[in-house]
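Step one of this worksheet: look at the structure below.
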Amino acid sequence: MEKKLPTRQENFSEWYNQLVLRAELADYAPVRGCMVVRPYGWALWENIQKALDDRFKATGHVNAAFPLLIPQSFMTKEKEHVEGFSPELAVVTHGGGEKLEEPLVVRPTSETIIGTMYAKWIQSYRDLPVLINQWANVVRWEMRTKLFLRTLEFYWQEGHTAHATEQEALEETERMLQVYADFARTEGAVPVIPGRKSESEKFAGAVNTYSIEAMMGDTKALQSGTSHFLGQNFAKAFDIKFLDEGNQLQYCWTTSWGVSTRFIGAIIMTHGDDQGLVLPPRLAPIQVVIVPIYRKNEEKSAVMEAVSAVQAQLKDLRVKVDEREGLTPGFKFNDWELKGVPLRIEIGPKDVQNGTVALSRRDIPGRDGKSFLPMAGLDSAVPALLQTIQDNLLAKATAFRDSHIFEVTDYESFKQVVAEQGWAYAWWSDDRENEARIKEETKATLRIYASDPNLGEGVCFYSGRKTNQKAYFARSY
RNA sequence: CGGGGUGUAGCGCAGUCGGCUAGCGCGCUGCGUUUGGGACGCAGAGGUCGGCGGUUCGAGUCCGCCCACCCCGACCA
């Protein structure tokens with residue numbers, strides 16, 4: 001094993017793969033395309049879950065659990081949904097040693113089974129809205145996989161809601177998009193742009209799909225969360241109906257929305273550097289690591305006493321004391337930097353003598369990120385510093401993103417931008433064929449439309465037609 | 001599924017013209033010395049050389065078939 005990671009400059013993809021393995025976030029499973037999420041990675045996911053779940057509860061949602069196996073026939077009821085998902089379904093054909101009457105698919109998403117249950121549960125406008133979320137794993141048989149970003153099986157949450165009116169369902173779709181955007185920025189320090197997807201990029205069966213788009217360290221885009229307005233498509237396919245106040249039978253309006261373990265990939269590729277992970281304090285499994293430094297046993301007892309005192313002061317934070325014997329402090333520094341711990345506190349004989357500790361910020365490498373503080377008062381100084389780090393990560397990522405988005409007005413500069421510089425932002429007159437041609441020629445896809453309603457009017461960079469719409473284009477994961 | 005590549009210790013690799021006991025680095029175990037930016041010494045453990053078949057006195061090495069994985073392209077949270 002090499003001591004150092006490949007640099008992001010050298011080989012971004014290899015940097016990512018090795019980082020995930022070495023930081024012990026995940027490992028390859030025996031089955032191609034599957035991964036094992038290791039305890040450190042899962043702890044990060046748990047913090048993501050908590051932050052999201054609190055937001056779901058705060059917006060009136062409740063959790064439930066629906067089955068992993070879905071009758072195959074359910075998948076065929078919504079036309080676009082079948083077409084979108086059939087190529088990537090895992091199908092169970094045998095159970096208990098017998099061939100099944102009807103094959104079962106392993107859920108790639110749960111619209112069909114949840115829709116079936118909603119049809120049963122919803123009778124009246126008084127039953128609406130239904131606002132249910134589930135935390136689950138799903139399976140999609142992808143051709144090319146990459147740890148966290150695209151695996152055959154992944155973990156996510158999927159919210160499924162049913163409403164009496166189109167307006168309410170649209171509001172829900174938008175509300176959850178904003179919940180995701182707020183989550184990504186506030187918790188992950190990932191500056192995302194929310195917006196609507198194009199016709200060709202939307203979810204199979206949706207009327208409209210919205211997503212939060214993030215820029216990774218190599219300037220590629222990553223769709224980091226999605227919210228779908230499903231109209232009455234699934235309600236009609238699954239017969240989700242209710243009697244309104246006027247005793248009229250009506251179809252419901254439904255939505256669905258999800259964030260997956262892919263978000264871990266977003267964190268890695270947004271903040272990570274050539275030393276390793278850089279985790280945002282609010283989500284980091286370990287927010288502060290304390291490295292004791294001592295030579296002789298006499299020093300050790302004094303140092304460990306100081307360590308305990310500091311640890312007690314920081315009891316409200318996620319703190320780890322690295323008590324491993326036989327490793328040098330230098331090794332431990334590198335190790336925790338690889339793992340992305342936001343703040344390191346070093347306590348040695350000199351500190352004990354001076355009543356101080358040395359602090360080292362993960363977001364600012366080297367000497368510039370070091371400071372020395374008195375032990376007294378760490379209980380307020382450290383949380384404040386963590387918040388500073390959190391803010392700095394968002395600011396840095398935002399500055400990086402903004403300096404890699406270029407407004408273009410012609411196809412030549414568009415091609416150059418998406419090939420070498422980042423995202424292109426341009427006037428765009430909607431045209432499915434043009435969009436496909438651009439993808440074919442440049443590998444860049446339409447990520448989202450600009451959501452600013454006061455754009456005015458301009459000329460499409462590709463077709464030359466007049467338009468009142470702008471869009472972001474980029475190569476993406 | 002097309003194009004390229006790799007399978008030798010947990011990981012990364014070397015192994016010449018086929019040759020006798022299969023090696024190196026990291027990691028791992030034990031003991032000792034170390035410890036403020038990836039410590040060092042000594043002693044150890046660890047291998048059906050991806051699988052099957054063939055050629056040969058002799059195969060990690062040559063031949064054939066198969067398998068797996070990785071990278072690049074067509075689908076996707």
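Residue numbers begin at 1 in each chain, while the letters A, B, ... track the order of the sequences. Values below: every heavy atom of this structure, side chains too, minus hydrogens, waters and symmetry copies.
Results of the salt bridge (charged side-chain N to carboxylate O under 4.0 Å, His left out) test with A:Asp335 over A:Lys320, A:Arg22, A:Arg324 single out A:Arg324 as the only residue that passes. Tested against A:Tyr155 for a ring-ring contact (aromatic ring centres under 6.0 Å, His included), the candidates A:Trp42, A:Trp135, A:Trp45 yield a single pass: A:Trp42.
Judged by distance alone with a 3.5 Å cut-off, a donor-acceptor contact links the side chain of A:Asp351 to the base of B:G36. No donor-acceptor contact under 3.5 Å links the side chain of A:Arg367 to the base of B:G37.
The strand RNA chain B forms stems, runs of 3 or more Watson-Crick or G-U wobble pairs with distances below 3.5 Å, at B:1-7 with B:67-73, B:10-13 with B:23-26, B:28-33 with B:39-44, B:50-54 with B:62-66.
Across the protein-nucleic acid pair, A:Leu89 atom CG and B:A77 atom P stand 14 Å apart, rounded to whole Å. Rounded to an integer number of Å, the gap from CD of A:Glu14 to P of B:G12 is 10 Å. Whole-Å rounding puts the A:Phe331 CZ to B:G38 C1' distance at 7 Å. When the P atom of B:A77 is taken as reference, atom CZ of A:Phe85 falls 7 Å away, rounded to whole Å. Between A:Leu338 atom CG and B:G37 atom P the separation is 19 Å, expressed in whole Å. The distance from atom CD of A:Glu346 to atom C1' of B:G38 is 14 Å, rounded to the nearest whole Å. In this entry the distance linking CG of A:Leu327 with P of B:G37 reads 15 Å, nearest Å. For the pair A:Ile264 CD1 and B:A77 C1', the interatomic distance rounds to 13 Å; values are reported in whole Å.
Within the 3.5 Å criterion, the main-chain N or O of A:Thr7 finds no donor-acceptor partner in the side chain of A:Asn11. A side-chain donor-acceptor contact under 3.5 Å links A:Gln287 to the backbone of A:Pro281.
The gap from the C1' atom of B:C42 to that of B:G15 amounts to 28 Å, rounded to the nearest Å. Between B:A45 and B:G3, the distance separating the two P atoms is 47 Å to the nearest Å. With P as the reference atom, B:U16 and B:A59 are 16 Å apart, rounded to whole Å. One P atom belongs to B:C70, the other to B:C17, and the distance between them is 32 Å to the nearest Å. For the C1' atoms, the distance from B:U35 to B:C40 is 12 Å, rounded to whole Å. The same atom, C1', is picked in B:A9 and in B:G60; the two are 14 Å apart, to the nearest Å. Annotation: B:C65 and B:C24 have their P atoms spaced 36 Å apart (nearest Å). The gap from the C1' atom of B:G19 to that of B:C62 amounts to 14 Å, rounded to the nearest Å.
Residue contacts shown for A:Ser86 are absent, as no nucleic acid heavy atom lies under 4.0 Å away. Heavy atoms of A:Thr445 sit nowhere under 4.0 angstrom from any nucleic acid atom. Nucleic acid contact for A:Lys332: none, since no nucleic acid atom lies under 4.0 Å from a heavy atom of the residue. A:Leu222 comes within contact range of no nucleotide atom at all, as no heavy-atom separation falls under 4.0 Å. Residue A:Arg344 is classed as a base contact, given a heavy-atom separation below 4.0 Å to a base. Using a 4.0 Å heavy-atom cutoff across all strands shown, A:Thr226 reaches sugar-phosphate atoms only and no base atom. When heavy atoms are screened at a 4.0 angstrom cut-off, A:Gly348 is found touching base atoms of the nucleic acid. Using a 4.0 Å heavy-atom criterion, one finds that A:Gln223 contacts the sugar-phosphate atoms exclusively.
Counting heavy atoms from C-beta outward, A:Leu317 and A:Val382 have side chains that approach closer than 4.5 Å. Proximity of A:Phe238 to A:Glu111: side-chain heavy atoms (C-beta onward) are nowhere separated by under 4.5 Å.
A:Gly33 and A:Thr145 get closest at one heavy-atom pair: CA-OG1, 3.5 Å.
Heavy-atom distances to RNA chain B give each of A:Lys370 and A:Lys443 a nearest nucleotide, and the one nearer the 5′ end belongs to A:Lys370. Projected onto RNA chain B by closest heavy-atom contact, A:Glu325 and A:Asn334 fall at different nucleotides, the more 5' of which corresponds to A:Glu325.
When distances run from any side-chain atom of A:Met143 to the nucleotides B:A74, B:A77, B:G37, the shortest one goes to B:A74. Checking B:G37, B:G36, B:C70 against every side-chain atom of A:Pro329, the shortest atom distance belongs to B:G36. Looking at the side chain of A:Glu88, the nearest of the listed nucleotides B:C76, B:A77, B:G36 is B:C76. Closest to the A:Arg32 side chain, of the nucleotides B:G38, B:G73, B:C69, is B:C69.
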Which pairs would a plain distance check flag for residues 354-361 of chain A, meaning a side-chain donor or acceptor within less than 3.5 Å of a matching protein atom at least two apart in sequence or in another chain?
residue	atom	partner	partner atom	Å
A:Asn354	ND2	A:Lys350	O	3.1
A:Thr356	OG1	A:Asp351	OD1	3.3
A:Ser360	OG	A:Arg344	NH2	3.3
A:Arg361	NE	A:Asp363	OD1	3.0
A:Arg361	NH2	A:Asp363	OD2	2.6

* **Chi angles and distances behind the salt bridge (Lys or Arg N to Asp or Glu O under 4.0 Å) call for A:Lys396, A:Asp273** => CA-CA 12 Å; A:Lys396 264 175 39 177; A:Asp273 65 18; over 6 Å; no
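Listed pair A:Asn17 / B:C70 fails the phosphate criterion, with no side-chain N or O lying under 4.0 Å from OP1 or OP2. The side chain of A:Ser260 contributes no N or O atom lying less than 4.0 Å from OP1 or OP2 of B:A77. Contact annotation: A:Arg144 reaches the phosphate of B:C72 (side-chain N/O to OP1 or OP2, under 4.0 Å).
Residues from residues 274-297 of chain A with heavy atoms under 4.0 angstrom of RNA chain B, sorted by number: A:Ile293, A:Tyr294, A:Arg295, A:Lys296.
A:Thr255 and A:Glu172 are not linked by any side-chain donor-acceptor pair at a separation below 3.5 angstrom, with hydrogens and angles left out of the test. Residues A:Ser476 and A:Arg447 have side chains that bring a donor and an acceptor to within less than 3.5 angstrom of each other.
Taking the six-membered ring where the residue is Trp, the centroids of A:Tyr477 and A:Tyr16 are separated by 6.0 Å or more.
Cation-pi geometry between A:Lys77 and A:Phe74 is met: the NZ or CZ atom falls under 6.0 Å from the ring centre, inside 45° of the normal.
Where stacking is scored as ring centres under 5.5 Å apart with planes under 30°, A:Phe154 registers as stacked on the base of B:A77.
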